[in-house]
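Basis for what follows: all heavy atoms, side chains included, without hydrogens, waters or symmetry-related copies. Every chain is numbered from 1 and lettered A, B, ... according to where its sequence line falls, protein lines coming before strand lines. Quantities reported herein were computed from a predicted structural model and do not represent experimental measurements.
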Protein chains: 4
Amino acid sequence: MYVLTPKEKEAKKQLIAAAASKLFQKNDFNQISMAQIAHESGVAKGTLFNYFKTKENIFMYLLLSGYQDYLKEVLQRFQKAENITSWNDFAAFLLEQNHLLIHQRPDLLRLNALRGPILEAAADREQTLAGREKLYEINRQLGQAISERIILLDVKQASHLFIIQSAIISGLMNMMNLDEFHHDQLPVDFKGFQIDLEQEANQIMLFYLQGLQQKLEGTK
Amino acid sequence: MYVLTPKEKEAKKQLIAAAASKLFQKNDFNQISMAQIAHESGVAKGTLFNYFKTKENIFMYLLLSGYQDYLKEVLQRFQKAENITSWNDFAAFLLEQNHLLIHQRPDLLRLNALRGPILEAAADREQTLAGREKLYEINRQLGQAISERIILLDVKQASHLFIIQSAIISGLMNMMNLDEFHHDQLPVDFKGFQIDLEQEANQIMLFYLQGLQQKLEGTK
Amino acid sequence: MYVLTPKEKEAKKQLIAAAASKLFQKNDFNQISMAQIAHESGVAKGTLFNYFKTKENIFMYLLLSGYQDYLKEVLQRFQKAENITSWNDFAAFLLEQNHLLIHQRPDLLRLNALRGPILEAAADREQTLAGREKLYEINRQLGQAISERIILLDVKQASHLFIIQSAIISGLMNMMNLDEFHHDQLPVDFKGFQIDLEQEANQIMLFYLQGLQQKLEGTK
Amino acid sequence: MYVLTPKEKEAKKQLIAAAASKLFQKNDFNQISMAQIAHESGVAKGTLFNYFKTKENIFMYLLLSGYQDYLKEVLQRFQKAENITSWNDFAAFLLEQNHLLIHQRPDLLRLNALRGPILEAAADREQTLAGREKLYEINRQLGQAISERIILLDVKQASHLFIIQSAIISGLMNMMNLDEFHHDQLPVDFKGFQIDLEQEANQIMLFYLQGLQQKLEGTK
DNA sequence: CATGAATGAGCTTTCATTCAT
DNA sequence: TATGAATGAAAGCTCATTCAT
C-alpha cells in the first residue's frame, strides 16, 4: 500500500483527529503536544504532518468537522420530528439541542473560544476555508429545512440561530467557574459568579426566541 | 525612597500591565513574549518576575483589573444617571454599556475567552483570588445600586446581569469573523456567518431583558 | 549605631552564617538561594554582601569556622582527658571523635566535598586564606598537645591525623547511599554498596592507627 | 537507516558523554553549560535532551559508565595476573589500582564527590538505577574472581574493597590542596595540610589491608 | 508513505549581585 | 550601614517542524 486512496487518507486523518480529541477532553490546548498526539494515535510524529500542516490545523479540523457532525445530527433530528411546525414546537426543539451541545459536544464550545485567538493564527488557510464551506453548506441546509416548516423564519434567519446558540453557550462557558480556580473550588462564596450552564443557556435562548418571534410577527 | 510604598508598587505593576495591554491590542497572547513586555515597559526582564510570577498572571491581572475598571465606570455612570428608575430606562442604560464594553474594552472580551483554557492553567492562585474578590465586591456594589432603583431586581439578579452581558458579547466574539481568516476576507459569501457584534449583542440583550421583566413581573 | 564595632560585625556575620547553616541541614547547596538566607537571617539581601562577597564565601566560612570549632572542641576534650598517654588510649580517643564528627558535624563533611569543585571557584581568596590560617593554627596546637603526650607522634604527624580522619569520613560519605536514590530506598538489593558510616570509619581509622604505630615504632 | 539501533543510540550517548567528559577535565560542573556540551559534541542542544533528560544525568552517566569501565579493567588485569594468589600479592595488586584510578580516572573521583550533593538531586531515577545495577553486577563479578583466589575474602568482602578504595581516594581528594587556592599556591606554609595523594592513599590502603588480614585470620 | 532522529529558535525563569536611596 | 528594587546574563529546556532514510 504505497499509495493511499482518498478514503484511506481521510480515515487516517480522522484517526489522528480522534486522538487529539481524546486528549483534548482532559487537557488544554497548550498542554497537548504533537508527540502525545502521535503516541495516542499510534503513528509517528512525522506522519502527523503528512495530514495536517500544523498543530493548530488539527484542532481547527476538530472544530469544523465536529460542528458539521453536530449540525448534521440536528438536521436529522429535525427531519425526524415531523410534528414540529409551530414556533413553540421549534423553540422547544432548539432548547433540546442546547442540551445536546452542552453535554455531548463541550469540546466544540471550548474550541470556539480558541479559534480566533489561538488556532487561526497558525492554521492553514486552505484547509480551514474548505472546512468552513462544508460547514456553511450544512448550516444552510438546516436553515432551509427549518424555514420550510417555520413560517416566520427565512433560510438565513434559521441558519443564523445556530450561530447565536453557539455564541450564547460558549460565551457562558467563558464566564463559568469564576468561583473555581483551575478546577478547585475557591474558599469564597461567589454567588453572583455562579452559572448553571444549561439552565442559563435555556433561559437566554428562550427569551431570545420569544423576542425574535414578536419582532418577526411585528414586521410581517 | 528606595523602598517602594504599596502604591508605588501597584503603579509599577500597572506600568507593566499597561505595556502588556498595549501589545495585546495588536497581537495574540501566544505571540507576545516576556521579552517584548519588558522592552515595551522599559524594565528588565527580571523585574517582570518581581511583580508577576508568570506571563499568564500579567494577563489575568489585566482581565481582573480591567473588569474592575469597567464595572466601576458603569457604577459611576449609573449613579450619575439619576433619572433611571424604570425598567425601560435601565434596559436602555444596559445597552449603552454594551457599546462601552465593545468599543472601549474589547481586550476584556478577548481575555475572557482565554481565561479558562489558557490563563488559569499557569496563573497564580493567590493573585487571582485576590483580584476576583475585589471584582466580586464591585459587581455586588453595582448590583446593589441598581436594585435600589429598579424594583424588580434584587442585588444578586442585578449583579448577575453583567455576567450575562459579558457572556453574550464574548460569546459573539467567539463566533465572529467566520467569513474572514486571520483578518483577510474570505473569497466566499458566508452570509449566515456574518455577525454585527454590537447590533447582535443589543438584540440578544434586549430580548433577554424583556423576557426577564415578564418573568419577574409574573412571579411577583 | 552607624559604625559597627568589630565585635558587632562578627556577630552579624555569624548570624548570617548560622542561617545558611540551618538551611544547609535540609537542603543542598544549589537549592539554597541568597534570598532564602536573607529571609532566614532576618536581614536584607543586600546586607549579605556587606559581610560576604559571594554566596560561596558564606559556605566557605561555614566550613572553616565549623572546623575551627570542631578542632577546638577536640583539643578541649583531649586536655580534659589527662589520662590519655598511651597509643591505645589515643586511638580510642580518636575513634570517639569520629562519632562526634559524624553525628554532630555532618555539615562539615558535606562541605568538604563541595569545597574544591564548587566553593573554591567563586570564594574570596583573602577571606578564605584568613580562615585557613586560623584553622591551621588550631590544627597545629592540637597536634602539639597530642605530641606532648603521645611519644610516637611529632606535631606534624599528630596534626595530620585530623586531615586523614576527615578524608576517610567524607570519602565514605561520598560513597554512601548507593542503595538509595535521593533519599528513596532503591527496589534493589545492593548489599556490597551498603556502608555503615561510623562502623566503617572506625574500622579504617583503627587499622590506620595500628599500621601507623607499627611503622613509627619500626623507624624509631 | 534512519531508525537507530540500540547500539547506535548508545554510541551517540557516549559521544555526548565523551564531550562532557572532555570539558570536565578542565572545568568544574557548574562552569559547563549544555550549550558547550552541544557544541563540543557537534549536535544540537535539543539532541542532548533526546539522550539525557537533564544535565546532571549526563554526569551521572559519566560516573556510572566510567566506574564500570574502571572495574572491568581491574577485572581484566586481575585475570591476567594469574600469579596473584596470596594476600600480599593481592595487596600489591590493589595498590597498583590506586595508581590507575588516580592517574587515569581522576574524573571519577571528582564525580564521586558531586554525586550526592549535586547530581542526584536532578538526575533521572530510572537511568541512574539501571546504571547502578550494571555497576553492581561488575563489582560482584570482580569480587567473585578475587574471592576464588584469595582465600580469606568472600565475594562481598572482596567487592566491598573497591568501595573502600574509592572512599579513601576521593576523600583524600576532598582534603587536598588546602595549601592552594583555586590552583594558586598560597603564600603560607601549610605543611600539615599537604597531601601527596597517591602516597597517602597507598598508605591508608596498605594499613587497611593489613588490619583486615589480621582480623580475618583471627576470626577464621 | 511512514518513520523518528535531529534540529534550534525560542521560551520562561532564576538568582547572585549591584546600587540608589 | 541597611535596604530591597532592579538588573540582565545565562541557564536549562521544549516542541513544532523538517527531512534523510
Length of the CG-C1' vector between A:D124 and F:dA16, whole Å
15 Å

Only pairs at least two apart or in different chains count here, so list each salt bridge (charged side-chain N to carboxylate O under 4.0 Å, His left out) that has a residue in residues 44-58 of chain B.
B:K53-B:D124

Taken in chain and number order and not counting sequence neighbours, the residues that satisfy side chain to side chain donor-acceptor pair (under 3.5 Å) with C:R110 are none

Just checking, any donor-acceptor pair under 3.5 angstrom between side chains of B:S65 and B:Q68?
no

Strand DNA chain F in bracket notation, Watson-Crick/G-U under 3.5 Å with | for pairs to another chain
.||||||||||||||||||||

Could you check whether any side-chain N or O of B:E8 sits under 3.5 Å from a backbone N or O of B:T5, counting only pairs where one atom can act as donor and the other as acceptor?
yes

For atom CG of A:L23 and atom P of F:dC15, their distance in whole Å:
14 Å

Between A:A122 and C:G42, whichever has its closest DNA chain F nucleotide further toward 5' is C:G42

Going from CG on C:N174 to CG on D:L114, what distance comes out if it is rounded to the nearest 0.5 angstrom?
9.0 Å

Just jot down the salt bridge (charged side-chain N to carboxylate O under 4.0 Å, His left out) partners of D:K22, sequence neighbours excluded, or say none.
D:E40

Kindly confirm or rule out a cation-pi arrangement of A:K13 over A:F52, judged by NZ or CZ under 6.0 Å from the six-membered ring centre and within 45° of its axis?
yes

Whole angstrom is fine here: how far is it from CD1 in A:I58 over to C1' in F:dT17?
12 Å

Would you say D:K9 reaches E:dG4's phosphate, i.e. side-chain N/O to OP1/OP2 under 4.0 Å?
no

Output the distance between atom CZ (A:F24) and atom CD1 (A:I58), rounded to the nearest 0.5 Å.
12.5 Å

CG on D:N30 to CZ on C:F29, rounded to 0.5 Å:
7.5 Å

Interatomic distance, CD@D:Q25 vs CG@D:L23, rounded to 0.5 Å, equals 9.0 Å

Take atom CZ of D:F52 and atom P of E:dA6, then tell me their distance rounded to the nearest Å.
13 Å

Counting distance only, does the side-chain N/O of C:R132 pair as donor-acceptor with the main-chain N or O of D:E180 below 3.5 Å?
yes

How is A:Y51 classified with respect to the nucleic acid when contacts are heavy atoms under 4.0 Å: base, sugar-phosphate, or nothing?
sugar-phosphate

Write down the distance between CG (A:L48) and P (E:dT3), rounded to a whole number of angstrom.
10 Å

Rounded to whole angstroms, how far apart are CG on A:L119 and C1' on F:dA16?
15 Å

Which of residues 12-19 of chain D have a heavy atom under 4.0 Å from DNA chain E?
D:K12

Letter by letter from the 5' end, nucleotides 9-16 of chain E scores (B base, S sugar-phosphate only, - none; protein heavy atoms under 4.0 Å) -BSBBB-S

